Novice: 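The structure under discussion is supplied below as structure tokens; questions concerning it will follow.
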2 protein chains.
Amino acid sequence: MSADHPTILCTVDVVLLTLIDGALHVLLQKRAADPFSGVLALPGGYVHAQEDRDAADAAARVLREKTGIVSPYLEQLACFAGPGRDPRGWSVSIAHVALVAEEALRAVPAAAGAEPQWKPVARLPVLPFDHRQIVARAVERVRTKSQYSSLPVYLCGERFTLPQLQAVYEAVLGEPVNKVSFRRKIDELGVVEPIEGEFEAGGAHRPAQLYRLRRAFRHALSVSGRGLGG
Amino acid sequence: MSADHPTILCTVDVVLLTLIDGALHVLLQKRAADPFSGVLALPGGYVHAQEDRDAADAAARVLREKTGIVSPYLEQLACFAGPGRDPRGWSVSIAHVALVAEEALRAVPAAAGAEPQWKPVARLPVLPFDHRQIVARAVERVRTKSQYSSLPVYLCGERFTLPQLQAVYEAVLGEPVNKVSFRRKIDELGVVEPIEGEFEAGGAHRPAQLYRLRRAFRHALSVSGRGLGG
DNA sequence: GCAATAGTGTCTTTGAGACAGTATTGA
DNA sequence: TCAATACTGTCTCAAAGACACTATTGC
């Protein structure tokens, strides 16, 4: 029965987001091969049936191979499929969203793929395939989830203060949040903990308590994004 | 580059839910072909590159061809993918959730496929592939969305009373809901409207106002499920 | 002391649930 | 008139936001 139907292209794409100067940016790379060789696009690639254990695994591999980045948060976004999105024919892209702290990018080893470029999601260049819609859906998902979850902590570095975390929420949501209710919410979500005796010094004002992710929410590898407060 | 990789099976599966005697039921059919020929499973099939315009379109076609049902609500759920879920090899299933009123099933023409069987989601038989997880995720999605949206209206017939709609919500959510806040919420969602002068007669009590979906929320065909109060 | 930001106590406002009342039917 | 359910007005309670106050630093 499978022979009745022409081969369908099966790929994964990754929308990797980070916060630069208070604005969400997405990682783009110049494509190494046709179609659209040399054009800026989302990192993506074919599923490797020999090595990938599932779609998230494939997305994590593609991200690692092309950019050297291992994201602490990786979640399936949706399938984008149809006859027109890829000039080669009917294709399926299993799109994923990943989050990383800008700070963590400084430790990334030399990438195997093209030099990554960060573009603000509010001013994207023209993108091939349906990558513009994919990015839009990813941003929408992150904004929606940030309203009730602790997702934005994955945009912070290892150590952060609550005022910093609040600024991250405000940047993602695009609106100010109430300080008191923000702290109440973060407290009851229970995903971060104060680092005993550690404070952010430097300013001409009272130093802020440093926090970190609780152990149960730290991931060296990719996670599904479900049921983890994300 | 595509030749580097073995063919990946690309299918769609549909979790069609309805409410029977106050309990969520899922439509299953005996499979017509191997693998698992003759075993009860979700209706599913290959993507047809020649005719399907996207994944939801493929799901609607599969559902229509195999069961004769055209659902007023169809939404992409997630991709289930991996080497172990199908004995034929690495496979991708683009799973969808669909909702239909039990009442609407009576008007369904003779199905081209096997006789559909409705099984309660709380007591599923053993299912092939990863269909059990797919059903579980579908039910979880419907429950979650029902908490804040008008999704359950698609489990009602064309005309319904608010007490009937409330009972549907309670069946889906598995818990009683407050009558006053329920009516406030339905009112502000703005997806239903009273049918002027029409009441549900019959009981030895005050008749209830009949309601229907507002025109903007009625769909003869499948919809994406996003941004429509669903 | 003063400016600046961190952190907290508490009042107000808003929305959800509880409860009890009125409305309308068939018997 | 009574039982039964539809519908509605209003009180109570809990969560969220507003505001103001204290805390701690560098200058």
Side-chain angles (χ1 to χ4, degrees), chain A residues 21-22 143-153 156-212 229, chain B residues 22 143-153 156-157 159-212 229:
Chain A
D21 294 335
R143 292 224 165 100
T144 304
K145 277 207 165 186
S146 297
Q147 282 168 1
Y148 59 86
S149 80
S150 60
L151 222 180
V153 298
C156 287
E158 274 192 37
R159 295 142 46 93
F160 49 87
T161 69
L162 290 188
Q164 283 168 359
L165 182 58
Q166 179 173 349
V168 169
Y169 268 84
E170 290 174 337
V172 171
L173 297 174
E175 60 186 17
V177 307
N178 181 278
K179 182 170 60 167
V180 178
S181 20
F182 171 74
R183 282 163 179 256
R184 269 194 298 243
K185 182 64 85 182
I186 291 296
D187 184 50
E188 72 194 26
L189 285 173
V191 297
V192 302
E193 62 187 3
I195 309 174
E196 193 159 345
E198 300 239 22
F199 295 86
E200 171 93 334
H205 52 79
R206 176 173 173 176
Q209 172 73 55
L210 280 168
Y211 284 76
R212 65 182 167 214
Chain B
R143 292 223 165 101
T144 303
K145 276 205 167 187
S146 298
Q147 283 168 359
Y148 59 87
S149 81
S150 59
L151 222 182
V153 298
C156 286
R159 295 143 45 92
F160 50 87
T161 69
L162 290 188
Q164 283 168 359
L165 183 58
Q166 180 174 348
V168 170
Y169 268 84
E170 289 173 338
V172 171
L173 297 174
E175 59 186 18
V177 308
N178 181 278
K179 182 170 58 168
V180 178
S181 20
F182 172 74
R183 284 165 178 256
R184 268 194 298 242
K185 182 65 83 180
I186 292 295
D187 184 50
E188 73 194 26
L189 284 175
V191 297
V192 302
E193 61 188 2
I195 310 174
E196 193 158 345
E198 300 238 24
F199 295 87
E200 170 94 333
H205 53 78
R206 174 173 174 179
Q209 172 73 55
L210 280 168
Y211 284 76
R212 65 181 165 213

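Every chain is numbered from 1, with letters handed out A, B, ... down the list of sequences. Because the structure is predicted, anything quoted here is derived from the model rather than measured.
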Novice: Are B:Leu173 and B:Gln147 side-chain neighbours, meaning at least one heavy-atom pair lies under 4.5 Å?
Specialist: yes

Novice: On DNA chain D, check which nucleotide each of B:Ala204 and A:Gly203 is closest to and give me the residue with the more 5' one.
Specialist: B:Ala204

Novice: In this structure, how many angstroms lie between the C1' atom of D:dA6 and the CG atom of B:Asp187, rounded?
Specialist: 16 Å

Novice: Check whether B:Glu200 reaches the backbone of B:Leu210 with its side chain - one donor and one acceptor, N or O, closer than 3.5 Å.
Specialist: no

Novice: Check DNA chain D against residues 165-180 of chain B and give the residues with a non-hydrogen atom under 4.0 Å, in numerical order.
Specialist: B:Lys179, B:Val180

Novice: Would you check if the side chain of B:Gln166 reaches a backbone N or O of B:Val177 as a donor-acceptor pair within less than 3.5 Å?
Specialist: yes

Novice: Answer with yes or no whether A:Arg206 presents, from its side chain, a donor or acceptor under 3.5 Å of a partner atom in the base of D:dG26.
Specialist: no

Novice: Of the options B:Glu198, B:Glu196, B:Glu193, which is the one that meets B:Arg212 in a salt bridge (charged side-chain N to carboxylate O under 4.0 Å, His left out)?
Specialist: B:Glu193

Novice: Expressed as a whole number of angstroms, how long is the span from A:Glu200:CD to D:dT24:P?
Specialist: 18 Å

Novice: Within a strict 4.5 Å, meaning less than it, do heavy atoms of the B:Phe160 and B:Val168 side chains meet?
Specialist: no

Novice: What is the distance, rounded to the nearest whole Å, between atom CZ of A:Phe182 and atom P of D:dA16?
Specialist: 14 Å

Novice: Rounding to a whole Å, what distance do you find between B:Leu210:CG and D:dA6:P?
Specialist: 12 Å

Novice: How close do A:Ser149 and A:Leu189 get, counting heavy atoms only, and between which atoms?
Specialist: C-CD1, 3.9 Å

Novice: Rounded to whole Å, how long is the line connecting atom CD of A:Glu188 with atom P of D:dA14?
Specialist: 14 Å

Novice: Whole Å only: how far is the CZ atom of A:Arg183 from the C1' atom of D:dA15?
Specialist: 19 Å

Novice: Could you give the start and end, 5' to 3', of the contact zone on DNA chain C for chain A, using atoms under 4.0 Å from its heavy atoms?
Specialist: C:dA3 to C:dT10

Novice: Between B:Phe199 and B:Gln209, is the side-chain contact (heavy atoms from CB on, under 4.5 Å) condition met? List the steps.
Specialist: CA-CA 5 Å; B:Phe199 295 87; B:Gln209 172 73 55; 3.5 Å; yes

Novice: Rounded to the Å, how far apart are A:His205 NE2 and D:dC27 P?
Specialist: 11 Å

Novice: From CD1 of B:Ile186 over to C1' of D:dT8, roughly how many Å is that when rounded to an integer?
Specialist: 17 Å

Novice: Which heavy-atom pair separates A:Ala171 from A:Gly22 by the least distance, and what is that distance?
Specialist: CB-O, 3.4 Å

Novice: Shortest non-hydrogen contact from B:Tyr169 to B:Ser146?
Specialist: CE2-O, 3.3 Å

